[in-house]
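For reference, the structure is listed below as structure tokens.
Numbers restart at 1 for each chain; the letters A, B, ... are given by sequence-line order, proteins then strands.
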Amino acid sequence: MSLKLYDTLSRSLKRFEPANPPTVSLYACGPTIYDHAHIGNYRSFLVYDLLHRYLVWSGYNVRFVMNLTDVDDKTILKAAEAGETIKEYTGPFGKQILEDAEELGILPAEAYPLATDYIEEMISWTQRLIENGMAYSTADGSVYFSIGSFPEYGRLKGLDLETATTVSRVDSDEYEKEDVRDFVLWKTTKSIDEKVEASWDSPWGRGRPGWHLECSVMSIKELGETLDIHMGGEDLVFPHHENEIAQSEAVTGKPFVRHWVHVKHLVVEGSKMSKSLGNTITVRQLLEEGFEPAAIRHQLLSAQYRKELNFTRKDLVASASAVQRIVDFETRLSSFGELPVDGEGELSAISLKTISEFQSVMDDDLNSAEALAVLFVFINKANGELDSGSDIFQGDVDRALETLKSMDLVFGLLSIAKETRQIDSSMEVWVERLLDERNEARQNRDFQRADQIRDELLSKGIALEDSEGGTRWKKSG
RNA sequence: GGCGCCGUAGCCAAGCGGUAAGGCAGAGGCCUGCAAAGCCUUUAUUCCCCGGUUCGAAUCCGGGCGGCGCCUCCA
């Protein structure tokens with residue numbers, strides 16, 4: 001088996017083949033950092049992370065880059081409202097978005113290029129496009145890409161440009177374009193741009209880059225002329241990615257991307273998330289409401305990335321329970337004392353089978369929903385085996401633990417759940433003291449006092465589990 | 001109008017031609033001082049509806065009905 005990914009351009013499941021294995025170049029369209037990122041953004045980021053992690057898990061040497069857009073119409077407007085330059089305005093948002101990503105266990109990218117750090121390159125790309133006859137400047141100092149000069153235009157989205165000239169796209173503002181479908185590479189400066197320092201010198205006068213150009217320039221500068229994988233939200237297929245292909249291939253003459261991967265949009269509490277409906281949710285909000293990062297992560301992974309996912313708080317509660325089950329299983333495996341070393345039981349066989357199943361469902365276009373099912377089947381079978389009374393050997397437990405941790409390298413659930421379950425040492429002392437008192441009460445068969453202590457601990461989020469080996473405690477929701 | 005997706009138990013969600021995974025929730029049992037955790041049993045004879053193809057369909061085809069996305073800034 002090997003990884004198959006759905007490729008938007010060919011509209012089919014395509015075997016993943018990087019140009020220069022074992023290296024993989026992975027580029028993802030990141031957010032525009034004019035506001036907090038919402039949970040929908042994070043579904044995309046999490047899918048980027050899932051692919052990133054799975055490629056690493058599969059043995060590839062992944063070079064992952066995600067851009068941050070810090071100059072565009074909305075950013076300029078917001079910065080002006082705040083009376084700041086775009087740099088001042090966007091900086092904190094960019095920082096916060098990455099902090100929240102870290103909280104969700106998203107592995108860092110190799111680089112997070114900012115659009116405004118690549119102005120010179122964008123200018124030189126624009127010049128090259130004009131030289132190639134693919135672009136033209138207008139009297140007002142803007143530059144447009146000429147779609148008519150790129151016959152492939154529209155292929156990614158599956159548009160037939162001859163017949164599908166959509167009426168709605170005729171924009172009266174942009175009368176200077178030779179063709180209404182042409183898109184802007186360089187925009188001439190308006191006074192507001194200067195105010196927020198979103199304006200640069202260019203051969204066509206003061207101006208700023210068009211949004212589409214940055215990804216072409218940054219991805220190629222960071223990763224080379226042909227990317228193995230380019231990811232983004234489904235909304236970016238057209239026109240953003242379509243435009244990227246046109247610009248990039250017009251300049252390099254090489255195929256821009258080998259695999260286009262697009263993430264389906266998230267639905268929140270049953271309806272599309274939008275600012276106008278006022279139903280956007282940020283990760284920060286959810287954390288403040290008391291949901292743990294691992295539960296958020298679990299829910300976002302519970303549907304395959306090309307399926308619609310309805311994100312709800314109710315399901316977040318269910319996800320938290322599911323995460324707890326994983327954590328409890330790991331605790332159980334880690335709590336074995338001395339075990340015989342000279343043997344191997346059924347548990348090892350179960351573990352081995354699990355890994356190969358995990359691999360095969362993940363290879364099938366990152367079917368995280370089914371991969372999670374593989375995890376839970378494993379937990380179920382392993383628990384059953386541990387309860388069966390048959391001999392357990394050290395190697396079995398080691399292998400099971402290894403299997404769990406290996407899958408978690410991709411899921412990233414256990415690792416972040418453990419972080420949120422950490423407890424400070426003064427609290428720990430307090431818990432241990434009460435636990436001693438309770439054990440003494442239990443020995444004296446003073447169950448009323450024992451249960452009272454258990455309830456008190458539970459009200460502070462500490463759950464107890466009595467077993468033959470003693471009482472175990474854990475932090476719980 | 002154009003392009004595309006989806007409709008599977010109370011909820012979430014796999015399966016995509018061979019007789020319904022998994023999670024959450026519920027019920028009964030084992031274990032326990034009681035719990036918790038874990039295990040066992042149980043919860044869709046059936047996959048929106050109607051036709052068709054097939055030995056066989058949730059899975060393929062046609063037609064309905066219902067929900068949604070993109071085509072415009074948007075992950």
Original post:
Side chains of K87(A) and T116(A): donor-acceptor distance under 3.5 Å anywhere?
Top reply: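 Yes, side-chain donor-acceptor contact under 3.5 Å.
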Which part of the nucleic acid, if any, lies within reach of [X] when heavy atoms closer than 4.0 Å are counted: base, sugar-phosphate only, or nothing?
X: Q299(A); value: nothing
X: R438(A); value: base
X: D328(A); value: sugar-phosphate
X: Y48(A); value: sugar-phosphate
X: K307(A); value: base
X: E234(A); value: sugar-phosphate
X: R472(A); value: nothing

Is it true that [X] and [Y] have a side-chain N and a carboxylate O under 4.0 angstrom from each other?
X: D363(A); Y: K4(A); value: no
X: K381(A); Y: E346(A); value: no
X: D100(A); Y: R284(A); value: yes
X: E99(A); Y: K95(A); value: yes
X: D466(A); Y: R438(A); value: yes

Of the listed nucleotides ([options]), which one gets closest to any side-chain atom of [X]?
X: L266(A); options: G4(B), G38(B), A75(B); result: A75(B)
X: F447(A); options: A75(B), G33(B), A13(B); result: G33(B)
X: R454(A); options: A14(B), G33(B), C5(B); result: G33(B)
X: D72(A); options: A14(B), C73(B), C71(B); result: C73(B)
X: S302(A); options: C12(B), G33(B), A14(B); result: C12(B)

**OP:** Hunt down the Watson-Crick or G-U wobble partner of A37(B), both distances under 3.5 Å, from any strand shown, or write none.
**Re:** none
**OP:** Counting Watson-Crick and G-U wobble pairs only, both distances under 3.5 Å, name the nucleotide matched with C5(B), or none.
**Re:**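 Because both required distances fall under 3.5 Å, C5(B) counts as paired with G67(B).
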Between side-chain atoms of residues 404-417 of chain A and protein atoms elsewhere (two or more places apart, or another chain), which donor-acceptor pairs fall under 3.5 Å?
residue, atom, partner, partner atom, Å
S406(A), OG, W57(A), NE1, 3.0
D408(A), OD1, L413(A), N, 2.9
D408(A), OD1, L414(A), N, 2.8
D408(A), OD2, L414(A), N, 3.2
D408(A), OD2, S415(A), N, 3.0
D408(A), OD2, S415(A), OG, 3.4

**OP:** Using heavy atoms to find the nearest nucleotide of RNA chain B for P31(A) and E308(A) separately, return the residue whose nucleotide is more 5′.
**Re:**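 Closer to the 5' end of RNA chain B: E308(A).
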**OP:** Respond yes when some side-chain nitrogen or oxygen of W473(A) is under 4.0 Å from OP1 or OP2 of A36(B), and no when none is.
**Re:** no
Subject >> side-chain N/O N367(A) vs A13(B) OP1/OP2, d < 4.0 Å >> reply: no
If I pick the [atom1] atom on [M] and the same atom on [N], what distance separates them, to the nearest angstrom?
N: U46(B); M: G1(B); atom1: C1'; result: 39 Å
N: C31(B); M: C12(B); atom1: C1'; result: 31 Å
N: A9(B); M: U43(B); atom1: P; result: 16 Å
N: C70(B); M: A75(B); atom1: C1'; result: 13 Å
N: A14(B); M: C47(B); atom1: C1'; result: 12 Å
N: G23(B); M: G67(B); atom1: C1'; result: 24 Å

Tell me: [atom1] of [X] to [atom2] of [N], nearest whole Å?
X: L236(A); N: C70(B); atom1: CG; atom2: C1'; answer: 11 Å
X: H38(A); N: C73(B); atom1: NE2; atom2: P; answer: 16 Å
X: L104(A); N: A75(B); atom1: CG; atom2: C1'; answer: 14 Å
X: E357(A); N: A14(B); atom1: CD; atom2: P; answer: 18 Å
X: E465(A); N: A36(B); atom1: CD; atom2: P; answer: 11 Å

If you count the non-hydrogen atoms of other residues, nucleotides and ligands that lie under 6.0 Å from [atom1] in [X], is the total more than 12?
X: Q448(A); atom1: CD; result: no
X: E440(A); atom1: CD; result: no
X: E110(A); atom1: CD; result: yes

Original post:
Among residues 381-390 of chain A, which contact RNA chain B at a heavy-atom distance under 4.0 Å?
Top reply: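 Of all residues in residues 381-390 of chain A, the ones placing a heavy atom under 4.0 Å from RNA chain B are N383(A), G384(A), D387(A).
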**OP:** Evaluate whether the aromatic ring of H265(A) and the six-membered ring of the A75(B) base sit under 5.5 Å apart, centre to centre, with an inclination under 30°.
**Re:** yes
Original post:
Using 30° and 60° as the class limits, which term best fits the ring planes of F378(A) and F329(A): parallel, tilted or perpendicular?
Top reply: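 Perpendicular: the ring planes of F378(A) and F329(A) meet at over 60°.
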**OP:** Quick one, give me the B/S/- string for nucleotides 19-26 of chain B, reading 5' to 3', where B means a protein heavy atom under 4.0 Å from the base and S means that only happens at the primed atoms, P, OP1 or OP2.
**Re:** --BSSSS-
